[in-house]
Every structure is written in C-alpha cells, then in structure tokens.
Amino acid sequence: MKRIYLDHNATSPLDKRILEAMYPYLSEKFGNASSLHSFGQEARNAVEKARESVAALLNADPSEIIFTSGGTESDNMALKGYIWKNREKGNHIITSSIEHHAVLNPLKRLEKKGFKVTYLPVDGGGRVNPDDLKQAITADTILISIMMANNEVGVIEPIEELVKIAREKGIAFHTDAVQAVGKIEVDVKKLGVDFLSLSAHKIYGPKGVGVLYIRKGERIEPLITGGHHERNLRAGTENVPGIVGLGEAAKIAREERIEEAERISQLRDRLEKGIMENIPHVRINGDVNNRLPNTLNVSFEYVEGESIILNLDLQGIAVSSGSACTSGSLEPSHVLLAMGVPPVPAQGSVRFSLGKDNTEEEIDRVLEVLPPIIDKLRKLSPLYPGE
Ligand SMILES: *Cc1c(COP(=O)(O)O)cnc(C)c1O
C-alpha cells in the first residue's frame, strides 16, 4: 500500500537536495567550526553560508541569526532570555490563547515565578483583535509574543498591525513563525518584530535545528552557557550538518515557496471542497481568508478525531488531530476551544496539512476513503441523529 502523508505541520520529509547538501558534513567535513585549522574553517564557512541563506529568506542581517536546537528552544530563548535580561522593567507578558506549547509552557513557568501573563482571546476564525492587545497593555508590560501562523488550524495573525501597537508603547515583540516560514512571506523588516522563531524540520530540513532571529540592538540573557558560540548567546559546538541543512532548506524555500504554495493550496481546496460536498455535518475551522495554503482543519460532528485518524492510518493515510504534541491525550484542542468551537465537535476535528510531495491522486484517494469511514463511525455513535 502506498502511504499518503498529510501531516506536514507536525514534521516534513527531508528534501533529497537537503540531504545531499548535509552529507559531506556528516562524513569527511567533520570539523569543529571553532577550530583554527582547515577542517575547522571548512565547517565555519559552511555555518556562515547557512546563516546568510536564512538571513536572506527573512530579509534579515546574518548577524541577527542565532542557530538553536529547534523551534522550541528558539521560543524559550526569546521569552526567558528577554525576560531575564529586562526583568527590572516590568513583570507582565502578553500572548494569545492559541499559541504552541513551546510558548505556553515557558510562560506557565514564568507565571509560577511571579510574572503575570495575559492570554488574549481570538475570534471564531482564530484571529487576535488588535484592540484587545491595546487594552491589555499596562505600564508593566515588557514583552508580547503572538504566533505568526497557528499549527492546528493554519490561521495567520495580523502581526504587522499588532507590532505597530507594541512599537508605539516601546514593548518588545516575539513571533513564533515556525509554521509561517516557507509557506507565506516572512520578512522581518516588514513585520517589524524584534524576535522570530523558526525550525528546520517544518520546512523539509532536518530535525533538531532552528533559528532565533534577534533584531540588531535587542539584548537577551543566554539560556545555555559554555563556549563562545553564536555571539555568546548559545553555547555548544554547532550542529554543522543540521545548520547546513537549514541553510539549504532556506535557499529552496526562497526559490520555490510562491509556486509551491499556489499548487498546494489548490490541492487543499480540492480536499476541502470534496469533504464539504460528500460528507454532511462538517465544519471548517480557522479563518478561511487568512489561512496557510497547506492547512485544513475540519470538525466531523458525532465522531472522535482519534477514531478517524486510526481508521485513516489503516488505509495508509497520515493526518492528525490538534497538534502532534497533544495527540494521544483525549482533551479537546485548546486552540479550537479558544475559537469557540464547542468541546464535542472540537474532539471530532482532524488536521490535514499538505506538502510538496502530495499529488492530486492522493487527495482523490483520501476523498474516496474518508466518507465511508465517517459514515461507519457515525453509525456507531449513540449521538448521531442520522442524515
Ligand atoms: C513545531 C512547532 C514548534 C516546535 O518546533 P520544534 O523544532 O519541533 O521544537 C513551535 N511552534 C510551532 C508553531 C510549531 O508548529
């Protein structure tokens, strides 16, 4: 059975060209980028080339790019690093109620240490209202962290507008752009953000490597100290093969993003239309006018998301409910609940997240397999009133 992967927001397959680019740095070019000899210089040059490539993707300066172990570390580094450095300026942080746990959980820890956190509500489509941000700011607010695009429903937040409000008050702004990079334009100058997180494995690169963009002039406290790596902000011998992979992923994203997004969004729309036409009692979650091109989140009423996932998996089709990190717990997604989706349909929600390798045939196969699965599961549900 040919398997179909529709879970790219959880992780994406490693692009063969990226693997090729990494390979020498996993074998003969093994030098430590801090060494003075030619082995070290070879590695150093590769790391700096990757830094330029990521900077070019974000319209940043290479000196503003810090390599980390991934999106989670970048989020932690921005939040804790900024707050430890600036704690005397205030103790209030603003975020949204639909963030990834890589933002929510560090903030929960900070709450335990006495910081105050405001979780902004979102509308039915998942968007933050800029007026709510204005209202939430106090004289104590030191940092705002709002994601650029949500991993579960794909909604894109009005970051430029939100940053303008932060700027007027002189408050630093971080955005988790892990899901946005490679899918929509991410230009740090246009956005005006001070900090931005991204991760290689969500853009066809390797796992365990990411970037925190730190706008020139912004200062943070390092989380990991040791050797003098990454401008003294992130110690540890560089993950050279990973960084090279991320550099290559950024280059490919720069060259192919627009074309791919167009093609993938057509496939996504085909899937959405097919589901709407062939399955009753469904609702699309997330603002369809401000949504990532690859993401489709659907609630199938009277069924549990987990059952749909398992049944699709038996047919070789990989999708997810909520985020990968919360799958396995039967709790309804915090994102859908924040959007006002009632708990029962929230539990019947499935995320389809498409990628570069998906084809029209694959989408049509899903549209063939899915309706009988939903029908079968509904017939087992005591709540189902019938069509
Ligand atoms: C995947 C993801 C992360 C975590 O990135 P890792 O590199 O897996 O640590 C953070 N934020 C969002 C929105 C994500 O989708």
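Treat the numbers as computed from the prediction; the structure is a model and nothing was measured. Read the numbers this way: they start at 1 and go in the same order the structure lists the ligands and their atoms.
- When K202, E99, M148 are ranked by how near their heavy atoms come to atom 2 (C) of ligand 1, first place goes to K202.
- Looking at K189 and D61, no side-chain N of the basic residue comes within less than 4.0 Å of a carboxylate O on the acidic one, giving no salt bridge.
- Side-chain atoms of S197 do not come within 3.5 Å of backbone N or O of D176 as any donor-acceptor pair.
- No donor-acceptor pair under 3.5 Å is formed between the side chain of S199 and the backbone N or O of V178.
- Among all non-hydrogen protein atoms, the one lying nearest atom 11 (N) of ligand 1 is D176 OD2, 2.6 Å.
- For atom 8 (O) of ligand 1, the closest heavy atom belonging to the protein is H201 NE2, 2.8 Å.
- Taking distance alone, with nitrogen or oxygen atoms compared against 3.5 Å, N151 stays at or beyond that limit from ligand 1.
- At least one N or O atom of T72 sits closer than 3.5 Å to an N or O atom of ligand 1.
- Evaluated by nearest non-hydrogen atom to atom 12 (C) of ligand 1, the leading choice among E73, H100, M147 is H100.
- Residues Y82 and H174 place their aromatic rings such that the two centres sit no closer than 6.0 Å.
- Interface atoms of ligand 1 facing G70, defined by a heavy-atom separation under 4.0 Å, are 7 (O).
- The backbone N or O of E64 lies less than 3.5 Å from no partner atom in the side chain of R231, so there is not a single donor-acceptor pair.
- In summary, R378 and E301 do not engage in a salt bridge, as defined by a charged side-chain N under 4.0 Å from a carboxylate O.
- Numbered from 1 in the order shown, with element, the atoms of ligand 1 that lie under 4.0 Å from a heavy atom of G71 read 5 (O), 6 (P), 7 (O), 9 (O).
- In terms of protein heavy atoms, atom 7 (O) of ligand 1 is closest to S199 OG, 2.6 Å.
- The pair E256-R17 counts as a salt bridge, with a side-chain nitrogen and a carboxylate oxygen less than 4.0 angstrom apart.
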